[in-house]
Amino acid sequence: MPELAEAEFFRKRWTQAARPSPTILRVHTHDAKKLFRTAPAPALRAALTDSALTASAAAGKQILFRFQRPATSVSPAIDAWLGIHLGMTGDLSVAPPAHTPRKHDHLVLYTTAHALVFADPRLFGRIQFHLGPDAPLWWAKIAPALISPSFTVAAAAAFLNRRARAPIKAVLLMQERFPGIGNWMADEILWRAAIHPAQPAGSLRPAEVKTLWRECRAVARLALATIAGRGDDLPLDLNTAIPDTWLFNHRWSDGGRCPKTKKNLSRADIGGRTTCWSPARQKLRKN
DNA sequence: AGACATGTTGCTCA
DNA sequence: ATGAGCAACATGTC
């Protein structure tokens with residue numbers, strides 16, 4: 001599921017649920033080695049048990065939760081960080097405190113009021129774990145957010161030049177410069193910017209690069225405003241949340257019409273992903 | 001039955 | 001060394 005706005009939605013959902021009773025009484029981990037590759041489950045369980053969820057953040061498609069436990073006469077203080085990447089099918093939900101873990105519930109944190117559930121059927125997600133007063137190194141190295149002042153048109157232009165021969169669609173999916181953009185956001189951005197997804201990144205004119213940069217920021221802002229919500233526990237239904245004036249609800253199957261031109265949309269594999277665009281407004285330019 | 005899926009990574013080849 | 005392209009990962013759904 002998750003691109004940047006959904007990561008923020010899920011972060012809020014867990015954080016909100018933990019607000020009244022932040023202490024984790026019990027931790028369930030499912031035997032999914034793949035998910036816990038860099039996070040030894042026993043150490044994670046030991047650190048999180050009796051700790052309180054005290055802070056959280058989302059960056060790109062990554063989510064980070066901070067857990068703290070003050071020192072007592074019998075145990076030292078704990079400062080632990082839980083990183084979650086939701087992959088393609090990951091989901092953070094909130095269940096009653098008596099929740100019995102289901103087949104794909106790989107991590108469940110129990111408080112007095114709730115069970116915080118991480119489920120992921122396809123196991124493309126990642127769980128990371130870090131001990132210490134500072135956030136982990138991998139978190140600090142995530143590229144600047146699209147909506148931050150550090151995401152400049154110059155930085156975007158330089159990156160496009162470095163990836164000059166790759167289709168612009170593939171370049172927008174690169175997290176090292178466009179954190180949080182996934183398949184549907186990339187298509188939405190290119191559609192709004194009126195740039196053909198197969199256009200080589202290095203062939204964009206300066207005005208097009210600027211438009212692309214502006215639409216990256218606009219779509220990131222709009223997606224956050226439309227999707228991230230307040231973290232309530234209603235199911236996240238993007239088809240309902242996202243207006244039909246976006247490309248989003250028209251892109252999934254053959255036969256869709258462009259909301260701007262009313263002409264037929266095209267679909268093809270570009271940059272290794274199914275891509276949808278409006279030929280009437282996104283023209284491939286041969287140099 | 002078969003195609004397809006909102007993601008990443010590790011491998012090849014240029 | 002760097003970049004481009006692709007298979008692989010694992011499971012559910014249409």
Side-chain angles (χ1 to χ4, degrees), chain A residues 1-11 30-39 58-63 83-93 102-106 118-128 138 141-143 146 158-191 197-203 216 219-220 222-224 226-229 235-242 246-256 267-277:
Chain A
M1 282 189 146
E3 300 184 18
L4 106 188
E6 294 147 271
E8 175 64 2
F9 174 89
F10 289 127
R11 178 195 73 80
H30 195 280
D31 179 30
K33 277 191 304 232
K34 197 178 170 219
L35 287 171
F36 288 90
R37 221 164 50 169
T38 64
K61 298 173 186 173
Q62 314 256 13
I63 311 172
I84 294 185
H85 190 298
L86 295 168
M88 193 104 83
T89 50
D91 173 73
L92 300 186
S93 62
R102 297 154 301 182
K103 186 177 176 190
H104 300 301
D105 293 350
H106 301 294
F118 166 52
D120 182 7
R122 274 174 87 177
L123 300 177
F124 286 177
R126 268 311 131 71
I127 291 175
Q128 310 210 61
W138 61 263
K141 290 195 334 202
I142 296 173
L146 303 176
F159 191 78
L160 265 49
N161 279 337
R162 195 143 59 79
R163 306 293 183 153
R165 290 178 317 181
I168 185 61
K169 164 68 183 275
V171 175
L172 282 181
L173 293 174
M174 294 178 182
Q175 303 300 297
E176 63 203 271
R177 177 49 65 195
F178 302 100
I181 293 183
N183 204 28
W184 73 256
M185 276 184 72
D187 285 358
E188 198 78 38
I189 289 163
L190 291 168
W191 173 71
Q199 193 72 43
S203 72
C216 282
V219 170
L222 287 167
L224 284 165
T226 307
I227 295 163
L236 180 55
D237 179 355
L238 294 190
N239 295 90
T240 305
I242 295 180
W246 297 29
L247 179 64
F248 184 83
N249 280 327
H250 311 273
R251 70 183 302 281
W252 298 109
S253 53
D254 292 331
R267 287 155 49 79
D269 188 291
I270 297 177
R273 306 296 297 279
T274 297
T275 298
C276 177
W277 73 98

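Per chain, numbering begins at 1; letters A, B, ... match sequence-line order.
With sequence neighbours excluded, the residues satisfying side-chain contact (heavy atoms from CB on, under 4.5 Å) with A:Asp254 are A:Arg267. A search for side-chain hydrogen bond (donor to acceptor under 3.5 Å, both in side chains) contacts involving A:Lys61 returns nothing, not counting sequence neighbours. In this structure A:Trp138 satisfies the ring pair (Phe, Tyr, Trp, His ring centres under 6.0 Å) test with no other residue, sequence neighbours excluded. For A:Leu123, the side-chain contact (heavy atoms from CB on, under 4.5 Å) criterion is met by A:Ala32, A:Lys34, A:Leu35, A:His106, not counting sequence neighbours. For A:His250, there are no ring pair (Phe, Tyr, Trp, His ring centres under 6.0 Å) partners, not counting sequence neighbours. Listed by chain and residue number, nothing satisfies the ring pair (Phe, Tyr, Trp, His ring centres under 6.0 Å) test with A:Trp191 (two or more places apart in sequence, or in another chain). Partners of A:Ala198 under the side-chain contact (heavy atoms from CB on, under 4.5 Å) rule, at least two apart in sequence or in another chain, are A:His196, A:Ile270, A:Leu284. Listed by chain and number, the residues in a side-chain contact (heavy atoms from CB on, under 4.5 Å) with A:Arg162 are A:Phe159 (sequence neighbours excluded). A search for ring pair (Phe, Tyr, Trp, His ring centres under 6.0 Å) contacts involving A:Phe118 returns nothing, not counting sequence neighbours.
Without hydrogens or angle criteria, A:Asp120 side chain to A:Phe124 main chain gives a donor-acceptor distance under 3.5 Å.
Computed from coordinates, the A:Asp269 CG to B:dA5 C1' distance equals 13 Å when rounded to whole Å. Per the geometry, CG belonging to A:Leu86 stands 17 Å off C1' belonging to C:dC9, to the nearest Å. Rounded to whole angstrom, the span from the CG atom of A:Leu172 across to the C1' atom of C:dA4 amounts to 16 Å. Distance A:Asp91 CG to B:dA5 C1': 16 Å, rounded to the nearest Å. Following rounding to the nearest Å, A:Asp120 (CG) and C:dT11 (P) show an atom-to-atom distance of 10 Å. Look at CZ on A:Phe159: it is 9 Å from P on C:dA4, rounded to the nearest Å. Here B:dG7 presents its C1' atom at 15 Å from CH2 of A:Trp184, a figure rounded to the nearest Å. In this structure, A:Asn161 places its CG atom 12 Å from P of C:dG3, rounding to the nearest Å.
Relative to the side chain of A:Lys34, the nucleotides C:dC9, C:dA4, B:dA5 differ in distance, and C:dC9 lies closest.
A close approach under 4.0 Å does not occur between any side-chain nitrogen or oxygen of A:Arg165 and OP1 or OP2 of C:dG3. Between A:Thr274 and the phosphate of B:dA5, there is a side-chain N or O to OP1/OP2 separation shorter than 4.0 Å.
C:dA10 and B:dC11: their P atoms are spaced 16 Å apart (whole Å). B:dA1 and C:dC9: their C1' atoms are spaced 22 Å apart (whole Å).
Nucleic acid contact class of A:Gly182 (heavy atoms, under 4.0 Å, all strands): sugar-phosphate only. When heavy atoms are screened at a 4.0 angstrom cut-off, A:Pro167 is found touching the sugar-phosphate backbone but no base atom. Among the atoms of the strands shown, only primed sugar atoms or phosphate atoms (P, OP1, OP2) are found under 4.0 Å from some heavy atom of A:Ala164.
Note that CD of A:Gln128 is 9.5 Å distant from NE2 of A:His85, once rounded to the nearest 0.5 Å.
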Intra- and inter-strand pairs of DNA chain B in dot-bracket (Watson-Crick or G-U wobble, both distances under 3.5 Å; | for another strand): .||||.||||||||
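Ion pairing between a basic and an acidic side chain is recognised when a charged N comes within 4.0 Å of a carboxylate O; A:Arg11 and A:Glu6 show no such pairing.
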Atom pairs under 3.5 Å: protein N/O with N/O of nucleotides 12-14 of chain C:
{"unit_1": "C:dG12", "atom_1": "OP1", "unit_2": "A:Lys103", "atom_2": "NZ", "d": "3.3"}
{"unit_1": "C:dG12", "atom_1": "OP1", "unit_2": "A:His104", "atom_2": "NE2", "d": "2.7"}

Base versus backbone protein contacts along nucleotides 8-14 of chain B [heavy-atom cut-off under 4.0 Å; B, S, -]: S------
